[in-house]
Undergrad: 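Structure incoming, see below.
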Amino acid sequence: MVTAVLADYRGYDTMFETVVIFTAGIAIISILRRFTSADADSGSEKVYEKRPDLIVDTTCRLMIPIIQLFALYVIAHGHHSPGGGFQGGVIFGASFILIALSRDLQAANKWVPEQRVLNLAGVGILIYAGFGLASMFLGQNFLDYAILHKIMPASPIEARYHSMLGVEIGVAFTVTAIMYSIYSNLASKGTMKEGL
Amino acid sequence: MEFFEVISARFNYWVYVIIMMIGLYAMITKTNMVKKLIGMSVFQTAIILFYVSIGVKDGATIPILYHDQVHAGHHHDGHGEDAHHGPTESHGPSHGDNHETEEFGYPTRHAPDVVVDGDDFANPLVHVLMLTAIVVGVSTLGVGLAITQKIHREFGTIEENEIHDMIKSGK
Amino acid sequence: MIEQAPALILLIPFFAAIIVALAGIRLKSVCFPLTVISMAASVLSGIAILAQVVNDGVIRYRLGGWEPPMGIEFRIDALGALVALAVSVVGLLTAIYSKRQVPEETPDKVSQYYTLYLLLMTGLIGMVITGDAFNLFVLIEVSALTSYALIAMGPRRATLAAYKYVIMGTIGASFYLLGVGYLYIKTGSLNMFDIHEQLIARGIFDSTAILVAFILITVGVWIKMAFFPLHAWLPNSYAYAPTTSSAVLGPLVTKVMIYVMIRLTFTVFGADYTFGKLDWSGIVVWMSVAAILVGSISALAQTDLRKMLAFLIIAEVGYMVGGVWLADDMGLIGAIYHIIADAFMTLCVFLFAGIIFAKTGKRDLNAMDGLFTKMPLTMVGLLVGAFSLIGIPPTAGFFSKWYLIQGGVASGSWEYVIALLVSSLINAVLFFRIIEIAYFGVKPAEGHDDHHHGEAEDSGPSEASFSMLLPLLATAAILIGLGIYNRDIVAIISDFVSQFNFGAISR
């Protein structure tokens, strides 16, 4: 029920909520990151080789896939149980942060480099707004999912149901990406070299 | 026991006001920037708590329709819509699947007619609003922390009085 | 397509923002054209909306196909259409201005800057056209977050000012949210128009909860519009921010918050409640008098050009809040007309200040040294803006002051009228000081001779480039146009105002 209200009745609010978190990500990048060559001003540039601790590393290796799987489950089951795009997205982003915490920020950056993070975030919002635009092109108002039954093999009510899932997936992409981006920027003070 | 009456009847208001005042106190009086941001976070949490406490109804359960409830196909009677006893008054939209069938006049497959009583569930709208508010709070906290880090990078300190002294004297 | 204009005015900058965010990092050259094109499309949609509202009345655009009060709707009436058009035009002009400035001031973050800029525009336009109270909160936060970042991208003191803005802005938005919560408890609805109907239907205007909601919402909005004494975040923020940021934030953010105040006071709570039941007009008008005087006098004391202009914004906010709370037809008309006029006036002077900073690198008033000869077109732009702020016909500023003074006289608030006149005088002093420095040169160093001065400094700044000059002159033209056509605009506004029937309010 909460997801129905969130994604359907007040879908416009949720779109802007996604925009808020996207804006926060871009804002933090724009405040902290320095892309010029003045970036290498950190005098203590001793990149020491941190050997990951055995217990921590092994535990995280086992846990992270399970966490990600659980995150996907939470996203998909937003309709029937507590869950949804935001919650699942945060869990998924947390799995990347766990890599960064257990090993090194550089190791996590190999999985989600900066450009990929931004792409993911942007694609998420485009999915959400794309559903709305599709409704506009088919003749109804923005974010009116029912008309999408013309391009989906479903009745109008089921079209709403499926669109809600699609929209939640878009939200999850954005939240995942931005959660990791906020963490990596704040932890490395914008240099993206060394984390916590 | 008038006094206890007053407190217990409006318990959620008292709690949220106290937490909000603690947050506001931290935001205004502390000179360390990170402490101010923590105060801001506490302040926003109080408001979220307040909203969620509005949605509570006597004898209601969480606003989730389970799978078998939706597809069971047996009918309850009536939509309850009015608020009831308790210190909070809330009017949420009550949900019934059969609302949507008539609305567009599209040919539909037979949708199961399930009518649920709105009184049985806590108000979902406030939960939705607070999901948004939580996200907004997290974003503002993130931006605030980023600004604090930049200030630390440029001024070398995050105590407000030290920074003011620096600006007055040297810049 | 035309009936989708209410959504398009918002969606076009929104999509442009996402595309700039995705593509802009690799292809820097795509940011600027995309911004300008999307803002131009937004202006066209704004014109379409205004035409539609004038012809057909209030536009109600339901999002998601759900009927309000369950769903969210856009509710655009004459006031909203005018302000939305003004916001998008200001956005377009500043976007053109930014072509040279943004790569200069924030060279490595061009695409992020434009993304934040377009998201700011989305948030502001969304604030104006929405009809739902909680949606308004979300959009307030979108524009607030972008403005925090746009300010914090500047040099040292800008970051500190941005921090203060974060703290105060969050308090303001949270108070607004609390107020909406109280309203929701009592009425069960979040749609602005529906809240009003519920308040009337349930007859709960006497309850304390509604009073508390009113106070919380009003104080929250006052914090965000920098109404004295809650203005402390504004001067430093707009003075030290990058020039494009202050050019886009200064005219818009405070004015849109004043629009929000009008919308909430009149559409949600109703003129009867605000001016009839709670008879606070007297107190608030005195507070606005204080705002006008504090703003103007503090502006006199400044030597930094943009800080002086920032204090003038505070005084202008005082005009508008006073005009609204005069509880009078002409006062409200004047305040609404002033929203539009002031957006362009402030844009004009901030663009001028930005050009000066870009060309001379100096921040203080002496930077205007002898500029009449070196940058004549820029000075013409300044002259129109200055005349408008002082209130000289035929610029728009004169007419807005005229309506406001009429409203003040009609409602008997002589203190307001006197404050308006005093601040016009102070503005005159401020700007004639600048014009004097620009025309005659700085006094002690060179003496009063024109040609001596012109020869002594032959490496002065040259005329501003086309991309910076075009918006300035366009704004000046708009100011004169608004002044000349003020009758037509006021006709649209008085239609809107007449529904409130001020004469029938029992005091």
Side-chain angles (χ1 to χ4, degrees), chain B residues 16 20 23-24 27-28 33 36-37 39-41 43-44 46-48 50-51 54-55 81-83 87-93 99-100 103-104 123 125-126 128-130 132-133 135-137 139-155 158 160 163-164 166-167 171, chain C residues 65-67 69-71 116 132-135 137-142 144-149 151-171 173-182 184-190 198 202 204 207 209 212 216 236 240:
Chain B
Y16 108 80
M20 191 169 87
L24 208 53
M27 276 170 97
I28 296 179
M33 291 185 166
K36 279 188 195 258
L37 286 176
M40 179 177 92
S41 186
F43 179 68
Q44 286 174 325
I47 298 180
I48 294 172
F50 167 62
Y51 259 82
I54 295 176
E81 261 179 348
D82 278 8
T88 62
E89 301 176 89
S90 56
H91 302 262
H99 279 322
E100 299 144 83
E103 211 168 286
F104 300 103
N123 191 352
L125 182 64
V126 288
V128 169
L129 301 180
M130 285 308 104
T132 309
V135 168
V136 164
S139 309
T140 314
L141 188 62
V143 172
L145 283 172
I147 293 181
T148 309
Q149 281 201 344
K150 189 166 189 221
I151 290 181
H152 181 78
R153 189 203 286 165
E154 292 184 340
F155 286 96
I158 52 176
E160 277 213 320
I163 297 181
H164 278 144
M166 278 173 69
I167 290 184
K171 207 183 217 189
Chain C
W66 293 104
E67 282 279 338
M70 284 215 294
L116 289 168
D132 184 272
F134 189 76
N135 195 16
F137 167 73
V138 179
L139 290 166
I140 288 179
E141 287 293 339
V142 168
L145 278 176
T146 50
S147 49
Y148 301 154
I151 295 175
M153 287 211 266
R156 287 177 99 215
R157 289 195 69 174
T159 322
L160 190 61
Y163 181 82
K164 194 168 200 175
Y165 186 14
V166 167
I167 298 284
M168 291 191 74
T170 311
I171 298 181
S174 305
F175 277 167
Y176 172 79
L177 184 61
L178 260 184
V180 168
Y182 275 91
Y184 177 71
I185 296 179
K186 276 300 192 181
T187 61
S189 162
L190 287 173
Q198 294 284 335
R202 290 172 208 252
I204 40 180
S207 76
V212 171
L216 282 172
N236 278 343
Y240 297 111

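Below, read A as the first sequence line, B as the second, and so on, with proteins coming before strands; counting in each chain starts at 1.
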Undergrad: Mind ranking B/Leu129, B/Ile147, B/Thr148 by heavy-atom pairs under 4.5 Å with chain C and telling me who comes out on top?
TA: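 Most heavy-atom pairs within the cutoff with chain C belong to B/Leu129.
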Undergrad: Answer with side chain, backbone, both or neither: which region of B/Ser139 has an atom nearer than 4.5 Å to a non-hydrogen atom of chain C?
TA: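 For B/Ser139, the contact with chain C is made by backbone and side chain together.
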Undergrad: With chain C as the partner, which of B/Leu24, B/Leu37, B/Val135, B/Ile28 has the greatest number of non-hydrogen pairs under 4.5 Å?
TA: B/Leu37
Undergrad: Does NZ or CZ of C/Arg156 come closer than 6.0 Å to the centre of the six-membered ring of B/Phe155, within 45° of the ring's axis?
TA: yes
Undergrad: Which one, B/Lys36, B/Gln44, B/Met20, leads in non-hydrogen pairs under 4.5 Å with chain C?
TA: B/Lys36
Undergrad: Under a 4.5 Å heavy-atom cut-off, does chain B meet the side chain of C/Val142, its backbone, both or neither?
TA: neither
Undergrad: If we define contacts as heavy-atom pairs under 4.5 Å, which of C/Ala149, C/Gly169, C/Ala152 has the most with chain B?
TA: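 Answer, by heavy-atom pair count under 4.5 Å with chain B: C/Ala152.
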Undergrad: On the 0 to 90° scale, with breaks at 30° and 60°, tag the B/Phe50-C/Tyr182 ring pair as parallel, tilted or perpendicular.
TA: tilted
Undergrad: Relative to chain B, which segment of C/Met153 carries a heavy atom at a distance below 4.5 Å: side chain, backbone, both, or neither?
TA: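 Just its backbone gets close to chain B.
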Undergrad: To the closest 0.5 Å, what do you measure between CD1 (C/Ile151) and CG (C/Leu160)?
TA: 12.0 Å
Undergrad: Evaluate the side-chain proximity of C/Thr159 to B/Arg153: yes if any heavy-atom separation is below 4.5 Å, no if none is.
TA: no
Undergrad: Please tell me whether B/Tyr51 and B/Tyr16 form a close aromatic pair, meaning their ring centres lie under 6.0 Å apart.
TA: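 When the ring centroids of B/Tyr51 and B/Tyr16 are compared, they turn out to be at least 6.0 Å apart.
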Undergrad: Which atoms of C/Tyr163 are under 4.5 Å from chain B, going by heavy atoms: the side chain, the backbone, both sets, or neither?
TA: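 Backbone plus side chain of C/Tyr163, per the 4.5 Å heavy-atom cut-off to chain B.
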Undergrad: To the nearest 0.5 Å, how far apart are CE in B/Met40 and CD1 in C/Ile171?
TA: 9.5 Å
